[in-house]
Amino acid sequence: MMRDRNRKKNPAGQDVLAQIDRGEFQPVYVLLGPDSVLVDTIIAKLKEKVVNPGLEAFDLELLAADDLDDEDLEQRLRQLPVGARRLVVIRDITRPGRDGVVFDPELRKSGVEKLCQTVAQVQKPKSGIHNPTIVVLTGLSSKPLASLLTTTGLGRFIVEMKQPERNDLESLVSAWAQERGITLTPEAVELLIEISGTDTGTLRGEVEKLATCLAPGAEATAADVRELAGSSREYALNEYVELVTRRDAAAALGVLRRLEAAGEDIPRIVAWLTTALLDLVGAKAKYVSSYARRRIGDAVQLWPDLAELNAILRQLYWIQKAMLEGDLEPFARLELLTYCVGCGRSSGWCRLAADGQYWRACVRRPGRTGVAGKKVVEPDV
């Protein structure tokens, strides 16, 4: 217990940014966390302070983790600068995956371990003198990566890139707006965060959009935010619902992943999708309004089996229930459901169905569409 209490806490990104501003550098920066804007800010500040603008072609290297070549990595790190220092940035050694944080698919765990060992070996000071090359690694925190960083000696260089708290986030949004020559009312700032979520990259993009659409020096109100920032999310949500009702599963999955990255809420997606599917059910029974019938159009012809629609509506209920009970993978469940809308009861579409293993919302499972003699697997949802 005492050891944990006395263990040195990893510095926060803002603290490291202040150190760089003062001209205080460390040989390695391992920037871990989801605040992509702060990561970019630290890299830009290092570039400004470390690399001579006229020598960027020689003293600055920006690399993606999956572009690395084991044979020349050490050479890149040991290469002497033309100016006083070099800066080597290696991005995304870990990244988001379907089931959580994963290692880069090209490097995998063994490749990341070798990368960390090489960086630690090359950056180890000799006779008290550090290598003139500063190395920056970026990624997302995970237990396997933390273990690698500790065993290779890079754990002491970790910098936490946590998303800012709500109050700090409001200040950042206002500051970004001022940088772009506009101001946001307090109500506009609050609404922008409500609409766009707390991801700093998404919020920065929405501020850029407002600055592009408004005149220099203008004050953005809540109405401006509702019109400009809200429309992009609602457009994507409308697009997703339409693609599902049109049974275009491949395109719908792409839009769903965009909505996930933008921080869209599961209850909102479920609500919009449920409304559209209920309109389809009503259209088949001929009791929806003329407006709903026009909105659905000929999509109703793509859903000949009412039992199939009922199965998907039932699965939406289970997704919402699982989310309310603290399930950590609601988007994964919604992805699977989105995949199912493209089935059309085709025997070659789904390996689960082809092998006789039916999940709860399978549109071809026994007792629903006439398929017989197959075992039904009903996992907990």
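The analysis underlying the following values was restricted to heavy atoms, covering all of them including side chains, and did not include hydrogens, waters or symmetry mates. Everything numeric in this text was worked out from a predicted model, so none of it was measured.
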Between [X] and [Y], what is the shortest heavy-atom contact and its length?
X    : Y    : value
A249 : V341 : CB-CG2, 4.1 Å
Q26  : F157 : NE2-O, 3.6 Å
V88  : R86  : CG2-NH1, 3.7 Å
M161 : I42  : CE-CD1, 3.5 Å
T152 : E113 : CG2-O, 4.3 Å
T185 : A222 : OG1-N, 4.2 Å

Rounded distance [0.5 Å steps], [atom1] in [X] versus [atom2] in [Y]:
X    : Y    : atom1 : atom2 : value
Q79  : N131 : CD    : CG    : 11.0 Å
I20  : K47  : CD1   : NZ    : 14.5 Å
L80  : R85  : CG    : CZ    : 13.5 Å
L280 : L302 : CG    : CG    : 9.0 Å
L277 : L313 : CG    : CG    : 5.0 Å
Q121 : K114 : CD    : NZ    : 11.0 Å

Heavy-atom side-chain contact between [X] and [Y] under 4.5 Å:
X    : Y    : answer
L63  : V89  : no
L149 : L32  : yes
P164 : D35  : yes
I134 : V28  : no
Q14  : L38  : yes
F25  : K49  : yes
I266 : L334 : yes
D279 : T245 : no

Q: List in chain and number order the residues that pass side chain to side chain contact (heavy atoms under 4.5 Å, CB included) with A252, two or more places apart in sequence or in another chain; answer none if no residue qualifies.
A: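 Testing A252 for side chain to side chain contact (heavy atoms under 4.5 Å, CB included), a comparison that skips the adjacent residues, returns Y240, L243, V244, T338.
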
Q) Among all residues two or more places apart in sequence or in another chain, which pass the side chain to side chain contact (heavy atoms under 4.5 Å, CB included) test with R166? A)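 Here the qualifying residues are E170, E190, I193, E194.
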
Q. With sequence neighbours left out, what residues match E219 under salt bridge (charged side-chain N to carboxylate O under 4.0 Å, His left out)?
A.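 Partners of E219 under the salt bridge (charged side-chain N to carboxylate O under 4.0 Å, His left out) test: none.
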
(Q) Tell me every residue that passes salt bridge (charged side-chain N to carboxylate O under 4.0 Å, His left out) with R76, counting only those two or more places apart in sequence or in another chain. (A)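 Result, salt bridge (charged side-chain N to carboxylate O under 4.0 Å, His left out) vs R76: E61, D72.
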
(Q) Tell me whether D21 is salt-bridged to K45, with the criterion being a basic N under 4.0 Å from an acidic carboxylate O. (A)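 The answer is yes: the pair qualifies as a salt bridge.
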
**Q.** Cationic N near anionic O, under 4.0 Å, D40 to R91
**A.**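 The answer is yes: the pair qualifies as a salt bridge.
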
Q. Can V30 and V159 be said to form a side chain to side chain contact (heavy atoms under 4.5 Å, CB included), step by step?
A. CA-CA 6 Å; V30 185; V159 184; over 6 Å; no

**Q.** Passing candidate, side chain to side chain contact (heavy atoms under 4.5 Å, CB included) with D59, options L87, V50, V51
**A.**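 Result for side chain to side chain contact (heavy atoms under 4.5 Å, CB included) with D59: V51.
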
Q. Does the side chain to side chain contact (heavy atoms under 4.5 Å, CB included) test come out yes or no for V37 and W176, once each step is laid out?
A. CA-CA 11 Å; V37 172; W176 294 334; 3.7 Å; yes

Q: Begin with the C-alpha distance, continue with both residues' side-chain angles, and end with the deciding distance and a verdict on side chain to side chain contact (heavy atoms under 4.5 Å, CB included) for W303 and V281.
A: CA-CA 9 Å; W303 299 84; V281 172; over 6 Å; no

(Q) Side-chain heavy atoms under 4.5 Å apart, restricted to Ile/Leu/Val/Met/Phe/Trp/Tyr: what other residues fall into the cluster of L55, or is it alone? (A)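 F58, V82, listed by chain and number.
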
Only pairs under 3.5 Å count here: list side-chain donor-acceptor contacts from residues 136-147, not counting sequence neighbours, and write none if there are none.
{"residue": "T138", "atom": "OG1", "partner": "D92", "partner atom": "N", "Å": "3.0"}
{"residue": "S142", "atom": "OG", "partner": "L145", "partner atom": "N", "Å": "3.3"}

(Q) Let's go through T94 and V112 carefully: what are the C-alpha distance in whole Å and the side-chain angles of both, what is the deciding distance for side chain to side chain contact (heavy atoms under 4.5 Å, CB included) to 0.1 Å, and is it a yes or a no? (A) CA-CA 9 Å; T94 49; V112 173; 5.8 Å; no

Q: Check the surroundings of atom CD in E24: do more than 12 heavy atoms from other residues, nucleotides or ligands lie under 6.0 Å from it?
A: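 It does: E24 CD has more than 12 such atoms within range.
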
Q.
How about CD on E179, more than 12 heavy atoms from neighbouring residues, nucleotides or ligands closer than 6.0 Å, or not?
A.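 It does: E179 CD has more than 12 such atoms within range.
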
Q) Any chance the side chains of S171 and D168 put a donor and an acceptor closer than 3.5 Å? A)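 Distance-only check fails for S171 and D168.
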
